[in-house]
Amino acid sequence: IEMYEDPEGILQISDVLEPKIDTLFTKNRFYTPKIFDFNSYYWFKIKIGSLPTSKENWILEFFDQTIDEITLYSPDQFKRYTAHRFGDQYPFHHRTFQHKNFTFNLDHSLKGGNVYYVRLKSSQSVSVIIVLRNVEWFVQYAIEEYMIFGVFYGMIIVFSLYNILMIFAGRQRQSSYY
């Protein structure tokens, strides 16, 4: 992942594709890129190769759910870019997958290496964790994750109801602390 900071937030995809701006992207030096300046926009460049023989469907998954605005520019077969917008400022039902993380389906019909550009803006510090996954693996892990969340929150509800009953049955103040 390569990164470029746009302090004024004025660059568009046509500007970023210009060679003089494209050369300003720097390789990320950290395991996870982080955004600390809330006034700037950040651009990320991701190069993804495709395997023509692969029948898998692939997605890009953005792990930080607190990112306000994500604009992903995806190429078509003529190397023209289309903007796809998501982030926590958009309604949940507009997501491709009804999942807590932001996802984008990659076009598996594209041949060769493709470059995707991502423009981010957030009003708080965020970790920019972008993962390439196949859809089958994503669905499997999402179901397991939500199952674990269900058990966890279910236990919290059961313990809370038990302690509420103990407050009324025992009339002891200690139960209200639980």
Side-chain angles (χ1 to χ4, degrees), residues 1-7 9 11-13 16-17 22 24-51 54-76 81-110 113-157:
I1 294 178
E2 297 179 37
M3 181 175 140
Y4 176 71
E5 182 179 357
D6 178 12
L11 294 179
Q12 299 300 317
I13 187 65
V16 173
L17 293 173
D22 191 58
L24 298 176
F25 277 83
T26 58
K27 288 193 188 280
N28 182 44
R29 295 178 309 221
F30 305 103
Y31 183 73
T32 302
K34 296 195 182 308
I35 294 177
F36 295 109
D37 186 355
F38 313 134
N39 297 317
S40 291
Y41 284 80
Y42 289 85
W43 286 86
F44 294 90
K45 181 167 67 170
I46 306 166
K47 296 175 185 172
I48 300 175
S50 66
L51 205 59
S54 174
K55 302 295 183 214
E56 305 256 354
N57 290 325
W58 296 89
I59 62 170
L60 283 177
E61 181 180 6
F62 296 80
F63 270 83
D64 197 327
Q65 307 90 18
T66 62
I67 301 172
D68 297 332
E69 185 181 333
I70 302 171
T71 307
L72 185 134
Y73 295 92
S74 64
D76 61 13
Y81 283 86
T82 304
H84 307 274
R85 291 178 175 75
F86 37 96
D88 72 0
Q89 70 178 2
Y90 297 100
F92 189 81
H93 67 274
H94 284 171
R95 297 182 184 194
T96 305
F97 294 99
Q98 302 298 294
H99 189 264
K100 64 181 180 59
N101 297 341
F102 307 114
T103 59
F104 175 75
N105 280 325
L106 297 178
D107 182 359
H108 66 278
S109 68
L110 295 177
N114 294 290
V115 179
Y116 294 82
Y117 291 92
V118 180
R119 183 178 187 237
L120 299 179
K121 173 78 170 142
S122 191
S123 60
Q124 59 189 350
S125 177
V126 296
S127 297
V128 183
I129 304 171
I130 306 170
V131 179
L132 178 67
R133 301 188 189 279
N134 73 28
V135 173
E136 183 179 316
W137 195 93
F138 170 76
V139 170
Q140 178 184 348
Y141 113 85
I143 289 171
E144 289 174 4
E145 180 181 49
Y146 281 145
M147 190 95 107
I148 291 169
F149 283 152
V151 169
F152 176 74
Y153 289 119
M155 288 172 43
I156 289 175
I157 290 170

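Only heavy atoms go into these numbers, but all of them, side chains included; no hydrogens, no water, no symmetry mates. The shown structure was predicted, so the numbers you read here are calculated from the model rather than taken from an experiment.
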*With distance as the sole test, does Asp64 use its side chain to make a donor-acceptor pair with the main-chain N or O of Val126 at under 3.5 Å?*
no
*Donor-acceptor pair, side chain of Asp68 and main chain of Ser123, under 3.5 angstrom*: yes
Non-neighbouring partners of [X] that pass side chain to side chain donor-acceptor pair (under 3.5 Å), sequence neighbours left out:
X	result
Thr82	none
Ser40	Glu5, Asp37
Thr103	none
Asp22	Lys45, Tyr117

Side-chain contact, heavy-atom cut-off 4.5 Å: [X] with [Y]?
X	Y	value
Val151	Met155	yes
Leu132	Leu60	yes
Leu120	Phe44	yes
Val16	Tyr73	no
Ile1	Val118	no
Val128	Ile35	yes

_Sequence neighbours excluded - salt bridge (charged side-chain N to carboxylate O under 4.0 Å, His left out) pairs with any residue from residues 92-109_ = Lys100-Glu145
*Among pairs that include at least one residue of residues 117-142, which meet salt bridge (charged side-chain N to carboxylate O under 4.0 Å, His left out), considering only residues two or more places apart or in two chains?*
Glu61-Arg133
Please report the shortest heavy-atom distance between [X] and [Y], naming the atom on each side.
X	Y	value
Thr66	Asp88	O-OD2, 3.3 Å
Ile67	Ser122	CA-OG, 3.9 Å
Tyr81	Ile13	CB-CG1, 4.2 Å

*Only counting residues at least two apart or in another chain, list the ones meeting ring pair (Phe, Tyr, Trp, His ring centres under 6.0 Å) with Phe86.*
Phe62
*Residues that Tyr42 engages under ring pair (Phe, Tyr, Trp, His ring centres under 6.0 Å), provided they are two or more places apart*: none
*asked:* If we count only N and O atoms by modelled type, under 3.5 Å, do the side chains of Asn101 and Gln65 hold a donor and an acceptor together?
replied: yes
*asked:* Working to the nearest 0.5 angstrom, can you tell me the gap between Leu24 CG and Met3 CE?
replied: 13.0 Å
*Atom CG of Leu106 and atom CH2 of Trp58: how far apart are they, to the nearest 0.5 Å?*
9.5 Å
*Begin with the C-alpha distance, continue with both residues' side-chain angles, and end with the deciding distance and a verdict on side chain to side chain contact (heavy atoms under 4.5 Å, CB included) for Val131 and Phe63.*
CA-CA 8 Å; Val131 179; Phe63 270 83; 3.2 Å; yes
Please list, chain by chain and in numerical order, all residues satisfying side-chain contact (heavy atoms from CB on, under 4.5 Å) with [X], sequence neighbours excluded.
X	answer
Gln89	Glu69
His94	Pro91
Ile148	none

*Which residues pass the salt bridge (charged side-chain N to carboxylate O under 4.0 Å, His left out) test with Lys27, sequence neighbours left out?*
none
*Testing Tyr146, Phe104, Phe149 for ring-ring contact (aromatic ring centres under 6.0 Å, His included) with His99, which one passes?*
Tyr146
_Residue Phe152 excluded, over 12 heavy atoms near CZ under 6.0 Å_ = no
